[in-house]
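Because the structure is a prediction, the values reported are computed rather than measured. Within every chain, numbering begins at 1; the chains are lettered A, B, ... in the order of the sequence lines, protein sequences first and strands thereafter. Any value given below was found using the heavy atoms of this structure, including those in side chains, with hydrogens, waters and symmetry copies removed.
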Amino acid sequence: MDLFDVVATIVKVALVVGILISTVPVLTWVERRGSAFIQLRLGPNRVGPLGLLQPLADGIKFLFKEDVIPPHVYKLFYVAAPAVSFIAAVLAFAVIPFGSAFVVDGRTVPLVILDVDVGVLFLLAASGMGVFGIILAGWSSNNKYSMLGGLRSSAQMISYELSLGLAIVSVLIYAGTLRPVEIVQQQIGGTWNVFPLFIGFLILLVSAFAETNRLPFDLPEAETELVAGYHTEYSSMKFSMFFMAEYINMITGSALVTTLFLGGYALPFQRLVFEGWLGLEGNLLAVLELLSFTAKVGFFLWLFVWVRWTLPRFRFDQLMRLGWKVLIPLALVHVVWASLLVMWGVPA
Amino acid sequence: MSLVAGVVLGAISIQWVAFLVLAVVAIAAALVVVLHRSPVVGAMGLVTNFLCIAGIYVLLNAYFFAALQVIIYAGAVVVLITFVIMLLNLQPEAKGGPGVVPVALAALLGLALIAVVGRPLLEYAAPEAGPPAPDFGTVAQVGEALFTVYFYPFLAVSLALLSAMVGAVLLAKRRLED
Amino acid sequence: MPEFQHFAALPTLVPAAFGLVFLVFAPFIGSDKKWMWAFTTAAMGLTILIPAIILSKIGLYGDVLETAGVAGQYMVRTDRLALWLDILFGIAGLLALLVTPAYLERANSHRPEIYPLFLIAVSGMTAMVGSDHLVMIFVGLEVLSITLYVMCGLARERAVQVEAALKYFLLGAFSTSFLVFGLALILGATGRLDIPGIAGAVLGVGAGTLWNETLLLAGLALFLIAFAFKVGAVPFHFWVPDVYQGAPTPVTAFMAAGTKAAAFGVLLRVLYAGFSGAETIVDRWAPVIAGLAVATMVVGNVLALVQTRVKRLLAYSSVAHAGYLLLALVPATSGAHAGEIVGGPALLFYLFTYTFMTVGAFIVAALFQSDREDADHFAQFAGLWHRRPLLAAAMGVFLLSLTGIPPLGGFTGKYVIFLSVLDAGHPVLAAIMAIAAVIGAAYYLRVLMLMFIAQPEEDLAARLVTPGPARLALAVAVVATFVLGIAPFVLYDPLLTVMRAAAF
């Protein structure tokens, strides 16, 4: 670990956090315009061309709003909750490889912040901590709607954590490693995991929707149900932090699905076309891989928005029944399937 | 401040400082769990404690166990505990609690335990271990140990979990069809 | 592929497998509990049979079957000690199972889950005693404990049962934390968690080095605390009366016999094989065991004098008997076997007789139910001889045996322990045991007089129904008590070889 590595890591961290935070306004714009077009209307188009500066206006609004801490809340947790949610959401992205590696001055800089042996577990651990943000928000607000919203949301999250984990486990069994970098490299060398492990892909996708509290699983924050659920008592920057945490969770969830099932930063037919026929390599290939990763994550983010404005929401008991009685048994069977594939020597 | 100077001068290793910080926070959090009146604050203290223990595992090169500690303990066990607290709407303990005599007695016995266990630890002289093997604490190594050396305990633990699950369903079902 | 000695682990695998089969297929059988009971009883019978078969052949294998090499050194150790105890667990489970359906039906809490839990509990017990590695012992203890916590709280509509289960659970979890702390200290002191390794460190032979004696002793102390809790030794006995009284009586019978036997088996193995031989170490823990034994005998017997309910009385008598059993663990201080425990065979023999008489007594107590509650007050037992002579006779046999009157099993058991304590060179302890037994006679005789001489007070005894399986269980227990009293060598002689391969 010399100065070069330290600087490289700091630059990567700054870039990743910066991009994550600045993607959030873009996502809100996509959400508002996308939902508008789905609903046959126009959406915000006044602030800037195509309404592109709308998120900026929203951000300025949030910044200038009065930061109110209601007197009846438990101050310590009230203030800590959005921070916990936000930190957990950003931290989970640390193990995702968003590109292969750049070669700078003869030194290789791998495009992943934290490449540990237990990569995927780190992600699960960080996103597990995010539940506490919601629980604390719900409890500290001292408000029955918040409490119920917090309870429902955390119940939902821990229920779907199981199927999420089992779907991930099937990929881990198939790949034989917990390092995301290795998982991606195996998919580059072979086929993307979505083909042999299609059911797991679907289970992970559904669980990711439930984990991020997005429709059709957004009962805990539905306005018609519980005022605003666990963030009823929050306003201005603290509210926007929850908001950002939710969107960053979406990004991390999409990145996770991409990495585990769609080959991460791999280009389609990479070995054949790009490295073989076109003969690309080095930094140019790395840039293309980075773009490929962005495109895939962007597709899933659009999927999140698309599904939100298309499907009606689940009732809470339907939601729990789906999680426990359908997804978990299915995920268990899928784990057996992945083990069978390994036994038959499919991942060559 | 002298601590910082010591680290900078290379006199005290950063590991030692990290361990000190983690241990102090862990013990403080544990005290919060036991002493604070509000159960939710206690639960959050428990989370802090578990996170500090995970940090100590990282210092011991056991990354796998650190991740598991966070996922299982901090991320699942405490969430469920908090869940139950919120579901039952447990209120902070009323003022009062045990009087002076029980507390004094408990403190005395606790200190005696610490003295009995702590004294040999102070004179402890384990043989030099040297740096850990490169694959120490990796998932592969733990997995191999679990399925070879500790195979039978592994089976038995799954039995324990099974009976715990049976018990949980049995004791908590709302209506029992007899 | 490592060599797994599944044959050696059969006593553990068989009941666990049957329990699992039960859990998987029970939903398809529906709610016909008769079949479930029959299945479980058959499985329990198999659990007695298989160790017996292995026992008959074990001489051919050099008295011990062990996992070795990659497959977990010392994780499973099937020797005579483990096999005899496995048979004992099976017997305790079988006798308790015979009265379970009747009791639970009348208590209106006949949950079918209790059957696989019985099997899993037995499996945990066998795992605990059939191992030479502290990790496996701990895990087996956990399997046993968790299953028992659940079984104690089965009829959760009754507050007294929930209280019993909760008390057992909280105190048990607390004591388990002591156990784990002790294991950590032992690991720190010797670098090993397997008993041969610890023995090596203690004796300073082979590759063993003891890095810190005080740490080892502190670890041993915490270990002893955990197991003293499990057997109900004073001053860790506070849970025994409440839990024994609150739990369903068949479960209490199973606990009183099986858990005690399992815990004593572990104590015997760990102390005999792991911590014996070196003067300095033995001189530190021998007085502790002796002190625990004396306190337990005295307190158990004294507190039983004031009881008015049979289940609670039997609970305190259990505590007292734990005291007698602990005496067998005190090592000899001089002579040929200095520094070794000589009471192994005596301990096992007494465990067998104790099982038969205690389970028998609890089965009788289980029959006394009215309005879904236990109705075991002394008043219900008054004049039992006039109402149900056979039942009173059976109870009389058990009570006399518990007192230690010849020619019953209880007497021979106490006698054997008495002799072994004298053999170990502790005449004072033997004298205290005799005195405590005499004190103990008082409360047993009180119940006996109540049953045989007093006039009937309540009419519950007249309405009692003793179902067939319960009669069988009582008959077996009575016969066994007589046989062990008149011809103890039938069991004692085979037991003399039980410690042969317990050390190395």
Spatial distance of atom CG (A:Leu172) from atom CG (A:Leu178) [nearest 0.5 Å]: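 CG of A:Leu178 is found 4.5 Å from CG of A:Leu172.
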Point-to-point distance, once rounded to the nearest 0.5 Å, from CG of A:Leu123 to CD1 of B:Ile71: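 The distance works out to 9.0 Å.
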Residues in side-chain hydrogen bond (donor to acceptor under 3.5 Å, both in side chains) contact with A:Lys12, at least two apart in sequence or another chain: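 Here no residue qualifies.
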Close side-chain approach of A:Ile328 to A:Leu166, heavy-atom, < 4.5 Å: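 Touching, per the 4.5 Å side-chain cut-off.
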Donor + acceptor pair across side chains of A:Trp324, A:Ser159 (<3.5 Å):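 Note: A:Trp324 and A:Ser159 side chains meet the donor-acceptor criterion.
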Option that, when pairs with chain B are counted at under 4.5 Å, heavy atom only, ranks first among A:Met129, A:Met157, A:Glu161: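 Going by pairs under 4.5 Å, I would pick A:Met129.
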Heavy-atom pairs under 4.5 Å with chain B, option from A:Gly128, A:Gly138, A:Ser140, A:Ala155 with the top count: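 Result: the option with the highest number of such pairs is A:Ala155.
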Checking heavy atoms, do the side chain of [X], its backbone, both or neither come under 4.5 Å from chain B?
X: A:Val131; result: side chain
X: A:Ala80; result: neither
X: A:Ile158; result: side chain
X: A:Leu76; result: neither

Measuring heavy-atom distances to chain A, does [X] have an atom under 4.5 Å in its side chain, in its backbone, in both, or in neither?
X: B:Thr82; result: side chain
X: B:Ile72; result: neither
X: B:Val47; result: side chain
X: B:Leu80; result: side chain

Pair A:Asp115 + A:Arg179: basic N to acidic O under 4.0 Å: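 Result for this pair is yes, salt bridge flagged.
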Validation row, ring centre A:Tyr74 to ring centre A:Phe77 under 6.0 Å: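 Yes, the ring of A:Tyr74 comes within the 6.0 Å limit of the ring of A:Phe77, centre to centre.
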